[in-house]
There are 2 protein chains.
Amino acid sequence: MASRPTLVSVAAQLGLSRQTVSNAINAPERVNPETLKRVREVIAASGYRPNAAARQLRTRRSRNLGFRLFPTVDGINGAIMDRFLHSLTENLQLHGYRMTLFAASSDRAEIDSYGELLETADLDGFILTGTHHGDERGRWLMEREVPFVAFGRPWSTDDSGCPYPWVDVDGRAGTAEATADLLGRGHRRIGFLGWPESSEVGANRRSGWEAALSGVLAPGELKSLSVGVPDGIRDGAAGALKLLANGATAIVCASDSLALGASEQLRTASPGVPPAVIGFDDTPVAAAVGMSSVAQPVEEAARHIVKIMRGLLEGPAERSEPAAHVLLAPRLVLRDSGGPLATPIAL
Amino acid sequence: MASRPTLVSVAAQLGLSRQTVSNAINAPERVNPETLKRVREVIAASGYRPNAAARQLRTRRSRNLGFRLFPTVDGINGAIMDRFLHSLTENLQLHGYRMTLFAASSDRAEIDSYGELLETADLDGFILTGTHHGDERGRWLMEREVPFVAFGRPWSTDDSGCPYPWVDVDGRAGTAEATADLLGRGHRRIGFLGWPESSEVGANRRSGWEAALSGVLAPGELKSLSVGVPDGIRDGAAGALKLLANGATAIVCASDSLALGASEQLRTASPGVPPAVIGFDDTPVAAAVGMSSVAQPVEEAARHIVKIMRGLLEGPAERSEPAAHVLLAPRLVLRDSGGPLATPIAL
DNA sequence: CATTCACTTTTGATCGTTCAAATTCATTTA
DNA sequence: TAAATGAATTTGAACGATCAAAAGTGAATG
């Protein structure tokens, strides 16, 4: 046993042909049950594993999927990408798939990489993140019939008619739930701290807040209780100040970064009272400071994506069914929203 | 041109043999300069790209490296892994390498994956992170002569004699610089807020603080000014309280999470004064709240790792030189250490 | 008893590349 | 002039798997 076993060496050991051994692995139903058993025993004993390169050369399948790494922008919200990536890798692994990373600084660069990766690395498909309105990536991939699943809606006029599969989290439902919770605690003038209009994810999250308050506040009041700022703690603090000035007593935020800033402003405005602020993404920072936040079920999203992807890759070639769309409900994680930053802990 | 160009199709177009075209790509010096030029033109025009699977099958090289994803523990400090991963991917990409991810919940599981990945995916090597004393992973890989580079020292008794290559950041130098800076600002009783004794990285960072203060404080005083707690904002707050009780006026921390907690305690203890706290890792949270921190040059580390890895994979087979060890100096990033959490921002 | 059939196993070709060993042809050397 | 050298190119044989089609079983069918 000098070198690694191959199909031929295993077959020779059994007095069978390579193809029978191959069938035992890939199409067991074609093999005589008794033979199958013998083959399997020898495979297990010899530690034989099919060579990926040879298989790939013949089948044109690599069992490798591409995933683009974005330049790190905000490490606070980026933390959920971490969880997503881990969960994705883990789930793919369960089914014999692997993930190949690549870096790209823009969507255009990402598309350029597709060609490169498809041709040189024989990737079977891609997983897209950060989709936005007018995203060219989906179109490019569809034109070439490259399998892919997006984490995030396309944000086109009619998401449900989208020709490619996506999995997303219902941000709107999340902010609505957060707002409802604050209403239940007696708040009426609840502000929304989000991103500028151009952000589709932001608009979606804002809509949940708006819907929850539509019967409570007048449209004019709603308008004065919503601000859009870039993402970040400082921006959040600045935005919160404006909301406070407009009479807000509680704030629902589009991200934990914003919420962290807002939280501090509310605390300064009314010392002693735990700030009624709810963040988004339930990042470790939120957990650490004891801030309530809307948690995205990224693990569940990863599972769905893997399932859909497997359907694309392993399902029948003629798939006339429409592309799968999964919208997952987030979960509101309630904490005291005050925590150690407000009240020093005694030993 | 229905299907993808191959060596044979390109050769036919040129009236040459496949091998000449192959040589033009892999050993240009063997090809007549004029022929070379012609071949290159046709390659460029046809968009030919060598098929990775075929190449891999023949050469037993995949140009793919493995990277283990750890379960996300702390999203605050995990953010630097994000940057590292991105930088690594980017640098490898420049040289035609790719990274394959895999998830493992323990070192033992990681080792199990090695076998699997080496056999089925033909990975050329691995990049290790989170090395610790008595790490079995390095040994396993060395025994099988699998190329790998570690990000992090082995933390054995004599790191410089380590038989395998590593790149690490000199944490000791970082905390020493941080401590020196605080000394320069007039502080004397500077505390160290780190992890329990068992952490080697923590002990290393502690040693820098100790060295910087050795001529300033008595051993007994040093002892009372150092605490070890698990990582996290709450732990940091608790630890800081203890240091304050022992008379500390400034604190050097082993992580930004700890520093964030400590920062708040100092602010409560002496309102109005920006807290003299320095964190470690320079995470986005530190930047966001305006806290000073010791920045790890992860991009530089990634570059070194890629360089060493390329040496292992592409260098002469007989490499008798000792394994490369690179210790990089971190950089102290000074901020006001107060920021928006302390002073609400006016619009 | 020959034919058909289902089931199981085998054979030959192929995927696209690189290695190792020819082969060609012009040029230098003995 | 024959032989040796050298550079440039070509040929045959892998690498290890899967596909497609053929061949070998034995039982059921007419």
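Note on naming: letters A, B, ... go to the chains in the order of the sequence lines (proteins, then strands), and numbering restarts at 1 for each one. What you see below is based on every heavy atom in this structure, not just the backbone, and it leaves out hydrogens, waters and symmetry mates.
- Using a 4.0 Å cut-off, no side-chain N or O of A/Ser17 falls inside it from OP1 or OP2 of C/dT9.
- Which of D/dG16, D/dG12, C/dT11 sits closest to the side chain of A/Arg18 comes down to C/dT11.
- For A/Arg63 and A/Tyr97, the positive end sits near the middle of the six-membered ring, less than 6.0 Å away and at most 45° from its axis.
- If you measure from atom CD1 of B/Ile43 to atom C1' of C/dT17, you get 13 Å, rounded to the nearest angstrom.
- A close approach under 4.0 Å does occur between a side-chain nitrogen or oxygen of B/Arg60 and OP1 or OP2 of D/dG16.
- No donor-acceptor contact under 3.5 Å links the side chain of A/Gln56 to the base of C/dC15.
- Counting non-hydrogen atoms under 4.0 angstrom, A/Thr20 reaches a base of the nucleic acid.
- Annotation: side chain of A/Leu85 is in contact with side chain of B/Leu85 (closest heavy-atom distance under 4.5 Å).
- Rounded to whole angstrom, the span from the CZ atom of A/Arg38 across to the P atom of C/dT8 amounts to 15 Å.
- Checked options A/Ile305, A/Leu141, A/Val149; the residue passing with A/Leu128 is A/Leu141 (criterion: side chain to side chain contact (heavy atoms under 4.5 Å, CB included)).
- Rounded to whole angstrom, the span from the CZ atom of A/Arg30 across to the C1' atom of D/dT25 amounts to 18 Å.
- Residue contacts shown for A/Arg61 are absent, as no nucleic acid heavy atom lies under 4.0 Å away.
- We find that CG of B/Asn23 is positioned 13 Å from P of C/dT17, with the value rounded to whole Å.
- Between B/Thr131 and B/Asp168, every side-chain heavy-atom pair lies at or beyond the 4.5 Å cut-off.
- For the OP1/OP2 pair of C/dT18 and a distance below 4.0 Å, the side-chain nitrogens and oxygens of B/Asn26 include at least one atom meeting the criterion.
- Between A/Arg58 and B/Leu16, the residue anchored closer to the 5' end of DNA chain D is B/Leu16, taking for each the nucleotide with the nearest heavy atom.
- The side chain of B/Gln19 lies closest to C/dC19 when the candidates are C/dT9, C/dC19, D/dA17.
- Nucleotide D/dA7 holds its C1' atom 9 Å from the CG atom of B/Asn32, rounded to whole Å.
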Verdict with supporting geometry, B/Arg68 and B/Asp107, salt bridge (Lys or Arg N to Asp or Glu O under 4.0 Å): CA-CA 10 Å; B/Arg68 168 189 171 191; B/Asp107 281 3; 3.1 Å; yes

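- Nucleic acid contact class of A/Thr59 (heavy atoms, under 4.0 Å, all strands): sugar-phosphate only.
- Regarding contacts with the backbone of D/dT9, a side-chain N or O of B/Thr35 is found under 4.0 angstrom from either OP1 or OP2.
- Listed pair A/Ser22 / D/dT18 meets the phosphate criterion, a side-chain N or O lying under 4.0 Å from OP1 or OP2.
- Looking only at side-chain heavy atoms (C-beta outward), B/Thr129 and B/Phe70 come within less than 4.5 Å of each other.
- If you check C/dG16, D/dA20, D/dC15 against the side chain of B/Asn51, the one that comes closest is C/dG16.
- If you take CZ of A/Arg55 and C1' of D/dT18, they are 9 Å apart, rounded to a whole angstrom.
- If you measure from atom CG of B/Leu57 to atom P of D/dC15, you get 9 Å, rounded to the nearest angstrom.
- Rounded to a whole Å, the CG atom of A/Leu14 is 17 Å from the P atom of C/dT8.
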